[in-house]
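By convention here, the first residue in the shown sequence is residue 1. Below, all heavy atoms of this structure are taken into account, side chains as well, without hydrogens, waters or symmetry copies. Since the model is a prediction, treat every value here as computed from it, not as a measurement.
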Amino acid sequence: MNNMTVCNYIVGLAGAVIGGLIMLAAAEFPLSFTENGPGPGFWPFSLGCALLAAAVGLLLYTFSNKTDLSGQRVNLTTTANKRVYMMMGLVVIFCVLMNLLGFYPAAALLIAAVMRLMDYRNNKVIVLTAVLTLVFIYLVFGLLLHTSMPESIFLE
């Protein structure tokens, strides 16, 4: 598994499957443009296409450069990779907390946790960043676009 060729094939296939699944799920919603703009499935479908295209590009690149990549070893336990794994874990925790606490408290905790993960230690700036980001999200999505954010399962 430490071979770059094998890793690229695994990531390429996983990306292609995930991109295809995103496209399938987004196709359930209208994709066409109206006087109000694109349908709700347009951007997720576009992102699924982009992920699928990137995955196919990686697979084609790996297939054409197989001999060059097979000599490269992949170390999955470096400090930088561990930070990526922790960030992935924070996203999963955010998704769980968003259902339990609602969007705004979960986002505040996520912002603080990401800043700490990136070795930022000034607590006043962390709190200020979280507050200003959430105020911006509320003003743009809540007031201007009239979008309701996910609420806590305890408030439903």
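- To the nearest 0.5 Å, atoms CG (Leu13) and CG (Leu58) are separated by 9.5 Å.
- Nearest heavy atom pair, residue Arg121 against residue Arg116, reads NH1-O, 2.8 Å.
- Note that CE of Met86 and CG of Leu117 are 5.0 Å apart. Values are rounded to the nearest 0.5 Å.
- When all heavy atoms are compared, the tightest approach of Asn8 to Leu59 is O-CD2, 4.1 Å.
- Judged as a side chain to side chain contact (heavy atoms under 4.5 Å, CB included), and not counting sequence neighbours, the contacts of Met23 are Phe45, Cys49, Leu52.
- Transitive grouping of hydrophobic side chains (ILVMFWY, heavy atoms separated by less than 4.5 Å) keeps Trp43 and Leu144 in distinct clusters.
- Leu31 and Leu21 fall into different hydrophobic clusters, where Ile, Leu, Val, Met, Phe, Trp and Tyr side chains are chained together by heavy-atom contacts under 4.5 Å.
- Between Leu51 and Gly19, the closest heavy-atom pair is CD2-N, 3.6 Å.
- Note: Leu101 CG to Glu151 CD = 12.5 Å, rounded to the nearest 0.5 Å.
- Looking at Val135, Val140, Thr133, Leu139 one by one, the single match for side chain to side chain contact (heavy atoms under 4.5 Å, CB included) with Ile137 turns out to be Thr133.
- Neither Tyr61 nor Phe63 shares a network with the other; the hydrophobic side chains, linked directly or stepwise wherever heavy atoms of I, L, V, M, F, W or Y lie under 4.5 Å apart, form separate groups for each.
- No chain of hydrophobic side-chain contacts below 4.5 Å, direct or via other Ile, Leu, Val, Met, Phe, Trp or Tyr residues, connects Leu60 to Tyr9.
- To the nearest 0.5 Å, atom CD1 of residue Ile22 and atom OG of residue Ser46 are 11.5 Å apart.
- Minimum heavy-atom separation, Leu90 to Ala113: CD2-CB, 3.8 Å.
- Across His146 and Leu143, no two heavy atoms sit closer than the pair CE1-O, 3.2 Å.
- The CG atom of Leu110 sits 9.0 Å away from atom CZ of Phe103, with the distance rounded to the nearest 0.5 Å.
- Taking the six-membered ring for Trp and the full ring otherwise, the centers of Phe42 and Phe29 sit at least 6.0 Å from each other.
- For Thr77 and Asn75, the side-chain atoms include at least one donor-acceptor pair closer than 3.5 Å.
- Atoms CZ and CG, on Phe94 and Asn99 in that order, are 10.0 Å from each other to the nearest 0.5 Å.
- Contact detail for Ala130 and Ala108: the closest heavy-atom pair is CB-O, 4.3 Å.
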